[in-house]
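In what follows, a single structure is set out as structure tokens and then discussed.
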2 protein chains.
Amino acid sequence: MSSDGRADFRPPTLDTVAAAAGVSRATVSRVVNNSAKVSADVRELVDATITRLGYVPNRTARSLAKRRTDSVALVLREADATVLADPYLAAMIIATSRSLVGTGVQLVLVNARDDPEHGTLVDYVRGGHVDGVLLASMHADDPLPRVLVEARVPTVVGGRPERPVPGLAYVDCDNVGGGRLAAEHLVGTGRRRIASIAGPPDMTAAADRLTGYHRGLAHAGLPIGPIAFGDFTRLSGERAMTELLERDPDLDAVFAANDLMAVGALRVLRAAGRRVPEDVAVVGYDDVELASLTEPALTSVHQPVSEQADTMTGLLLRQIGGAAPGDPVLLPVELVHRDSS
Amino acid sequence: MSSDGRADFRPPTLDTVAAAAGVSRATVSRVVNNSAKVSADVRELVDATITRLGYVPNRTARSLAKRRTDSVALVLREADATVLADPYLAAMIIATSRSLVGTGVQLVLVNARDDPEHGTLVDYVRGGHVDGVLLASMHADDPLPRVLVEARVPTVVGGRPERPVPGLAYVDCDNVGGGRLAAEHLVGTGRRRIASIAGPPDMTAAADRLTGYHRGLAHAGLPIGPIAFGDFTRLSGERAMTELLERDPDLDAVFAANDLMAVGALRVLRAAGRRVPEDVAVVGYDDVELASLTEPALTSVHQPVSEQADTMTGLLLRQIGGAAPGDPVLLPVELVHRDSS
DNA sequence: TTCGATGCTGTAAGCGCTTTCATCGATCAC
DNA sequence: GTGATCGATGAAAGCGCTTACAGCATCGAA
């Protein structure tokens with residue numbers, strides 16, 4: 001009665017197949033792995049037995065024997081759900097998943113900030129359940145990349161780490177260039193009192209965009225307008241925009257460090273009776289799908305998410321294969337002009 | 001030279017620790033697993049040795065020995081990126097990830113439609129790299145749930161499967177109720193020529209919403225208005241709305257089976273010179289964040305994503321623990337009234 | 001005929017961990 | 001003092017697979 005529950009069920013193993021086919025385990029293994037040195041008839045026999053028995057190799061056992069799991073972790077370093085709701089991160093997850101298709105490598109999603117102890121993640125990773133780690137959404141003070149490198153875990157970071165870690169590969173988008181692009185665009189369309197909603201200063205992406213934006217203004221000989229900081233959420237964008245309007249009611253443009261905050265700005269501007277783009281031009285960043293759906297549609301700096309994901313997984317897999325980490329990669333961005341500017 | 005690459009690096013094992021501490025492997029294992037029968041001083045000694053050596057247990061080996069991986073797969077059955085861009089799915093991924101935090105169970109993300117052969121996924125899952133499977137975004141003809149149940153893989157489906165599979169647990173939201181809610185709301189606000197943008201008929205969520213919508217209209221004694229089908233993408237929503245306007249230029253309301261399509265409808269309506277909600281009321285479905293960001297903000301049927309994810313993982317973990325699959329769960333939905341209706 | 005290739009196949013030693021079972025003092029009741 | 005009991009530890013047998021290495025025909029060349 002209680003003995004036929006699924007707990008007792010055991011799928012066929014290599015031994016089962018070997019016994020049924022009258023060959024050795026090794027031979028079956030060779031057939032399964034398409035190893036060359038098996039005669040045609042034996043291979044056929046074994047194949048037949050495999051399908052007859054419905055045998056499926058046990059990946060865990062294989063991993064143990066080969067010391068390789070064929071899976072990589074994507075770890076997101078964000079504390080709360082609000083930030084995780086950022087469509088850019090979602091896009092990153094999906095893109096990463098897609099770029100792994102066909103490689104036989106599986107994606108393990110790890111939300112690390114949520115772990116009770118900090119050590120857990122490193123232990124997990126070092127515990128050998130994944131061959132390598134993709135790191136996204138990092139903050140400046142994060143010790144993780146260094147720890148991983150020291151533990152000799154193949155690692156690729158999405159975005160530039162705060163300070164260089166020797167032997168750490170990363171793939172960044174040209175945030176400085178993007179910020180500058182935004183500034184130049186606004187200047188180029190005649191705006192002169194440009195404000196900015198910056199992202200959290202502890203994230204290099206945010207800092208770099210701000211730097212680029214400053215350079216763009218400086219290059220045009222314009223003074224740096226008021227700046228308010230947000231945390232990449234829409235709500236923080238609304239707060240920042242409100243603050244900016246108070247500080248300079250006559251501003252004629254605003255550059256937000258991501259689209260979500262730009263959307264917040266759009267709302268506040270509308271509520272304050274400003275017309276976009278007539279009175280105030282708005283430029284966002286990321287170019288998530290949302291940007292094309294707002295009213296007016298948002299001009300935004302496009303990030304090549306898929307390309308970034310592809311590059312990251314490519315570097316990681318090469319590293320897992322034994323190659324050196326390789327140099328940092330910087331991907332170009334471009335401005336997508338829509339109705340808000 | 002070439003012999004000190006990372007390929008040759010081997011982290012300490014149980015044996016290493018045992019030898020260093022002068023005890024047996026078994027004892028170290030007991031300490032690591034907090035098994036009770038270890039004397040205090042030995043435990044202390046072993047703990048010290050562990051930290052000194054920086055030992056981390058190898059999860060793969062443990063999995064093999066315990067026949068348990070402590071990870072589950074979330075498989076998404078969608079072919080192309082467009083559909084995967086649906087924020088509802090993204091929310092589902094994040095929510096699932098979050099609901100697993102603290103359980104010690106890892107999430108493996110599998111995008112199954114992309115696999116070259118259809119069999120691969122089943123093999124992967126049966127291959128024992130995961131203890132169970134969460135299935136999302138399923139289509140009617142999908143044989144996967146039945147296959148999984150037959151292979152005795154603990155499985156929980158998100159959404160109602162097309163036809164009942166004995167021994168298959170699923171967690172659905174009340175789509176019939178939601179459709180009805182939408183219809184009643186529109187009727188209740190005086191709309192009489194109500195059209196609908198339905199989702200793909202091969203997904204039960206879409207079909208059920210349509211059913212509920214029909215019932216709501218029937219209950220109010222209203223005729224069923226024109227219906228156009230989309231595939232849950234915004235573009236398909238635009239196409240559908242265009243078609244509906246042609247078929248009935250005087251319609252005064254439209255119910256879309258998800259928010260993305262509702263957004264598409266909003267655009268087309270605006271382009272056609274209809275005011276929302278004055279001329280045409282619009283109701284969406286899912287209540288993703290986007291719904292509150294459109295202009296006008298979208299009335300939508302709210303789906304309890306987090307609750308669904310929590311329930312699914314709960315059921316799955318129980319099932320992995322040996323419990324019976326349990327009865328299907330139906331979660332209630334509610335209408336969130338905003339400006340578009 | 002003999003020897004060395006050559007090509008398959010089997011043997012067996014791991015991979016690093018868990019867990020049962022046996023062992024061995026120490027403790028206790030009598 | 002004796003046997004029963006108990007708690008802590010070790011020995012060893014797996015978990016299911018890979019992969020040297022060895023063995024054994026078979027074949028061609030000398």
Side-chain angles (χ1 to χ4, degrees), chain A residues 7-47 49-50 53-70 104 123-124 126-131, chain B residues 7-47 49-50 53-70 104 123-124 126-131:
Chain A
D8 293 6
F9 178 74
R10 292 269 190 97
T13 73
L14 213 48
D15 284 288
T16 324
V17 177
V23 298
S24 77
R25 274 216 312 261
T27 301
V28 179
S29 174
R30 287 181 191 114
V31 170
V32 171
N33 294 298
N34 280 316
S35 159
K37 339 188 96 184
V38 179
S39 67
D41 31 343
V42 170
R43 158 163 280 133
E44 198 171 330
L45 168 64
V46 172
D47 272 334
T49 315
I50 285 177
L53 264 45
Y55 166 74
V56 174
N58 181 319
R59 268 179 74 120
T60 306
R62 180 183 305 205
S63 293
L64 183 57
K66 298 182 85 153
R67 292 213 228 72
R68 212 201 213 258
T69 63
D70 287 323
D123 289 357
Y124 173 76
R126 291 191 49 205
H129 233 133
V130 295
D131 298 331
Chain B
D8 293 6
F9 177 75
R10 290 270 189 98
T13 73
L14 257 194
D15 283 288
T16 324
V17 177
V23 297
S24 75
R25 276 217 311 262
T27 301
V28 179
S29 173
R30 285 180 192 118
V31 171
V32 170
N33 295 298
N34 280 314
S35 157
K37 339 189 97 185
V38 180
S39 67
D41 31 341
V42 171
R43 158 164 282 133
E44 198 171 330
L45 168 65
V46 171
D47 272 333
T49 315
I50 286 178
L53 265 45
Y55 166 74
V56 174
N58 180 319
R59 268 179 74 120
T60 306
R62 182 185 304 208
S63 293
L64 182 57
K66 299 180 82 153
R67 294 211 227 72
R68 223 218 210 241
T69 64
D70 287 325
D123 288 358
Y124 173 76
R126 289 192 49 205
H129 232 117
V130 294
D131 297 331

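Convention: sequence-line order gives letters A, B, ...; per-chain numbering from 1.
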I want to check one thing: is the phosphate of [N], taken as OP1 and OP2, less than 4.0 Å away from some side-chain N or O of [X]?
X: B:Thr27; N: D:dT9; value: no
X: A:Asn58; N: D:dC15; value: no
X: A:Ser63; N: D:dC17; value: no
X: A:Thr60; N: D:dG16; value: no

Length of the line joining [X]:[atom1] and [N]:[atom2], which is rounded to integer Å:
X: B:Lys37; N: C:dC21; atom1: NZ; atom2: P; answer: 13 Å
X: A:Leu45; N: C:dC8; atom1: CG; atom2: P; answer: 16 Å
X: B:Arg62; N: C:dT19; atom1: CZ; atom2: C1'; answer: 13 Å
X: B:Glu44; N: D:dA8; atom1: CD; atom2: C1'; answer: 17 Å
X: A:Asp15; N: D:dT18; atom1: CG; atom2: P; answer: 12 Å
X: B:Arg25; N: C:dG16; atom1: CZ; atom2: C1'; answer: 8 Å
X: B:Asp70; N: C:dC17; atom1: CG; atom2: P; answer: 15 Å
X: A:Asn33; N: D:dT19; atom1: CG; atom2: P; answer: 7 Å

query: Going by distance alone, is a donor N or O of one side chain under 3.5 Å from an acceptor N or O of the other, for A:Ser35 and A:Asn33?
result: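 Absent: no donor and acceptor within the cut-off.
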
- request: Using only heavy-atom distances, determine whether the side chains of A:Thr13 and A:Thr16 contain a donor-acceptor pair under 3.5 Å.
  value: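 There is such a pair between these side chains.
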
query: For B:Gly22 and B:Leu64, take the nucleotide of DNA chain D holding the closest heavy atom to each; which residue's nucleotide lies nearer the 5' end?
result: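 Going by which nucleotide is closer to the 5' end, it is B:Gly22.
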
task: State, to 0.1 Å, how close B:Val31 and B:Arg43 come at their nearest heavy-atom pair, and which atoms those are.
output: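 Reported closest heavy-atom pair: CG2-CA, 4.1 Å.
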
message: Which residue is it: B:Val32, B:Thr69, B:Asp70? I am looking for the one with a side-chain contact (heavy atoms from CB on, under 4.5 Å) to B:Arg62.
response: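 In the set B:Val32, B:Thr69, B:Asp70, the residue that makes a side-chain contact (heavy atoms from CB on, under 4.5 Å) with B:Arg62 is B:Val32.
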
- prompt: Would you call A:Leu14 and A:Ser29 a side-chain contact if the rule is heavy atoms closer than 4.5 Å?
  reply: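 A:Leu14 reaches A:Ser29 side chain to side chain.
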
When all nucleic acid strands are considered with a 4.0 Å heavy-atom cut-off, which category describes [X]: base, sugar-phosphate, or nothing?
X: A:Val32; result: nothing
X: B:Ser29; result: base
X: A:Lys66; result: sugar-phosphate

- request: Check every atom of C:dT18, D:dC17, D:dG10 against the side chain of B:Ala65 and return the nucleotide holding the closest atom.
  value: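 The nucleotide sitting nearest to the side chain is C:dT18.
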
field: Selected nucleotide, minimal atom distance to A:Ser24 side chain, candidates D:dG10, D:dC17, C:dT11
entry: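 The nucleotide sitting nearest to the side chain is C:dT11.
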
query: Would you say the base of C:dG10 and the side-chain of A:Arg30 have a donor-acceptor pair closer than 3.5 Å?
result: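 Yes.
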
